[in-house]
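Data first, discussion second: the structure below is written as structure tokens.
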2 protein chains.
Amino acid sequence: MDTLETRELRYFVAVAEELHFGRAAERLGMAQPPLSRAIQQLERRLGVLLLERNRRGVSLTAAGEMLLHEGRAALDATTAAARRTRRAGGADSPGGPRNRLVLAVKAGASHELLHKLIDAYAAEPDSAEIEVLPSGTCEQGEMLRDGRADVALMHKPFNSLAGFDSEELMTEGQIAILPTGHPLAAHKSLSLADVSDIPDLPLARWAHDGTYPPGPGPEIHDQTQLAQLIALGRTAAVFPDSARAWLWAEHTAVPLADAPPVVTHIAWPAHSRSLALAGLIRTATRL
Amino acid sequence: MDTLETRELRYFVAVAEELHFGRAAERLGMAQPPLSRAIQQLERRLGVLLLERNRRGVSLTAAGEMLLHEGRAALDATTAAARRTRRAGGADSPGGPRNRLVLAVKAGASHELLHKLIDAYAAEPDSAEIEVLPSGTCEQGEMLRDGRADVALMHKPFNSLAGFDSEELMTEGQIAILPTGHPLAAHKSLSLADVSDIPDLPLARWAHDGTYPPGPGPEIHDQTQLAQLIALGRTAAVFPDSARAWLWAEHTAVPLADAPPVVTHIAWPAHSRSLALAGLIRTATRL
DNA sequence: GCCCTGTCATACCCGGCGAGTATCACGGAG
DNA sequence: CTCCGTGATACTCGCCGGGTATGACAGGGC
């Protein structure tokens, strides 16, 4: 009567994302008619129009937009419950039901802090096993929400901490990484404006949720690729200070005076109530 | 295969809370055997033991504790999705699908700030209709989580802001409310220790989630009751400054020098993306 | 020792509903 | 006017969620 089933939410989210019953049904691995019926039933039960059926496709009503947002959150919470329960029961750990924490870290972020944290925590009594899960550029938040991770290292202002509890761990400046020998590389300090608009050295572009921001620079997927392109004098990049750790001889780092500082936080879902997590956070804040 | 249904979560949460299949089944309005089977199925699908079936009742395993916490969160998110969608579609508003915000306020909290906020917001262009929802002593958080409310006025350190976005609105001190004529009422200032242990004037006790904290003071349910008991010289109470607004002649307020300040925040679910909400927050921070 | 009680699990049956196939209604492009 | 492509409807079928009856088992009173 008033309780949504996750099946219904899955169906609706698929339709709302595809805006097309046929494609949504295909994605869900089912036929189109039962999907249509299910959505109609959902609309009847909620007493609300979710989709505007025009000729040539469908569009979301205001209520539909709301259910898309809230439904995604609910689905995330549900899969998170399943994942964390499996993990707590040791269903996926070969060495028995050992206590385990999954830590999401941006792939290619500073290893120094991470090493210190893991070593210090391992030295604690009763410490859990830590699995480090490399994450895409900005998806640590998703991973915490859908239960793939229990805790994450996040970097303000790139990651949003909204909805999580967090503790500040470290603040650092940002640098421009230029090809050694480039005229600008001789400077002691630069501004963002200096490097954002170099005609012969357009800034590289990373994929943000599957799509690239517009601009003249090359599209890159990983750090090695980027390092190579910089070394070849084809591009430049802006990184936090700690990126100095992986620079090559062909790279030169120049501090950016006016770039916003990058603050590394340790973050976790606000409702977490795990002893192992509490221990890790305690260790982290003492570093 | 790996997607929990809301029904399963409801069932498990009921059993985990009752720790008794029969009572849980009764609460769910069903017979006990199908409930037993559903839980077994759930355990098989997760590949994890959730309950320890001892003689004489059941107890939770570590995985069971995890699923209880996470499952409650997921259920809250699901019912929140349903409630907010209905509201966005105008299913419950008689005057058509008008844009509406539900604001949770602790019953009996300062009306002054609330009035200013509502008036200022109503004067904004394109403002939504605001429904003020009085909440129990500390349940604003629950209301935001399960969708009964969209936004709340919360009071640190009484409410936990964990998991919400918030903006600070006001800070005030705390006062002791004593019967006029009581010896302590003559003081210009008191400390917490002074009022927490008066032999003839034990502090009143409010219900916290259905149960009362231990102590000698009277158990009270609402503010009128409390006001009466203070006026009769039977008890005393500690409140934020703004409580002065409802004092009687028989009450005397004395500032508490060492009581922690009370900070009023406006708080909302971190993932909210509503224009009406954004407008209300903007108005609130400008007060 | 006995039986009674309270607990959760098992056996078996039934009905509803979720899902499939076939088809319709309708609008746009040619 | 016909042919697509869209979502909606009609009808059937089989699974599974739920009910009742009963079993297995451990404690407690006598």
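None of the values given here were measured: they were computed from a predicted structure. Protein chains get the first letters and strands the later ones, always in sequence-line order, with residue 1 at the start of each.
Residues satisfying the salt bridge (charged side-chain N to carboxylate O under 4.0 Å, His left out) test with A/Glu17, not counting sequence neighbours, are A/Arg27, A/Arg72. Annotation: salt bridge (charged side-chain N to carboxylate O under 4.0 Å, His left out) contacts of A/Asp76 (sequence neighbours excluded): none. For A/His69, the side-chain contact (heavy atoms from CB on, under 4.5 Å) test picks out B/Arg273, with sequence neighbours left out. Remark: B/Arg23 pairs with B/Glu18, B/His20 by the side-chain contact (heavy atoms from CB on, under 4.5 Å) rule, at least two apart or across chains. Annotation: salt bridge (charged side-chain N to carboxylate O under 4.0 Å, His left out) contacts of A/Glu219 (sequence neighbours excluded): A/Arg205. The side-chain contact (heavy atoms from CB on, under 4.5 Å) test applied to A/Ala25 returns A/Met30, A/Gln32, A/Leu35, not counting sequence neighbours. For B/Leu60, the side-chain contact (heavy atoms from CB on, under 4.5 Å) partners two or more places apart in sequence, or in a different chain, are B/Phe12, B/Ala16, B/Leu19, B/Leu51, B/Glu65, B/Leu68.
Taking atom CG of residue A/Leu28 and atom C1' of nucleotide C/dG20, one finds them 15 Å apart after rounding to whole Å. Regarding A/Leu35, its CG atom lies at a distance of 19 Å from the P atom of C/dC17, rounded to whole Å. What separates CZ of A/Arg53 from P of C/dG28 is a distance of 18 Å, to the nearest Å. Straight-line distance from the CG atom of A/Leu51 to the C1' atom of D/dA8: 14 Å, rounded to whole Å. We find that CE of B/Met30 is positioned 7 Å from C1' of D/dG18, with the value rounded to whole Å. To the nearest angstrom, P of C/dC8 lies 11 Å from CD of B/Glu18.
Considering only side-chain atoms of B/Ala31, the nucleotide from D/dG19, D/dA8, D/dG17 that sits closest is D/dG19. When distances run from any side-chain atom of A/His20 to the nucleotides C/dG20, D/dG7, C/dC8, the shortest one goes to D/dG7.
Residue B/Ser36 has a polar side-chain atom (N or O) positioned under 4.0 Å from OP1 or OP2 of C/dA9. For B/Arg37, no side-chain nitrogen or oxygen approaches OP1 or OP2 of D/dG18 to under 4.0 Å.
Listed in residue order, the members of residues 6-15 of chain B having a heavy atom less than 4.0 Å from DNA chain C come to none.
Nucleic acid contact for A/Gln41: sugar-phosphate only, since backbone atoms but no base atoms lie under 4.0 Å from a heavy atom of the residue.
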Under 3.5 Å between N/O atoms: give me all the protein pairs with nucleotides 21-23 of chain D, atom names plus distance.
none

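Defined by atom type and a distance below 3.5 Å, a donor-acceptor pair is missing between the side-chain atoms of B/Gln140 and B/His155.
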Can you list the steps and then say if A/Glu142 with A/Arg148 is a side-chain contact (heavy atoms from CB on, under 4.5 Å)? CA-CA 8 Å; A/Glu142 290 174 48; A/Arg148 277 175 294 172; 3.8 Å; yes
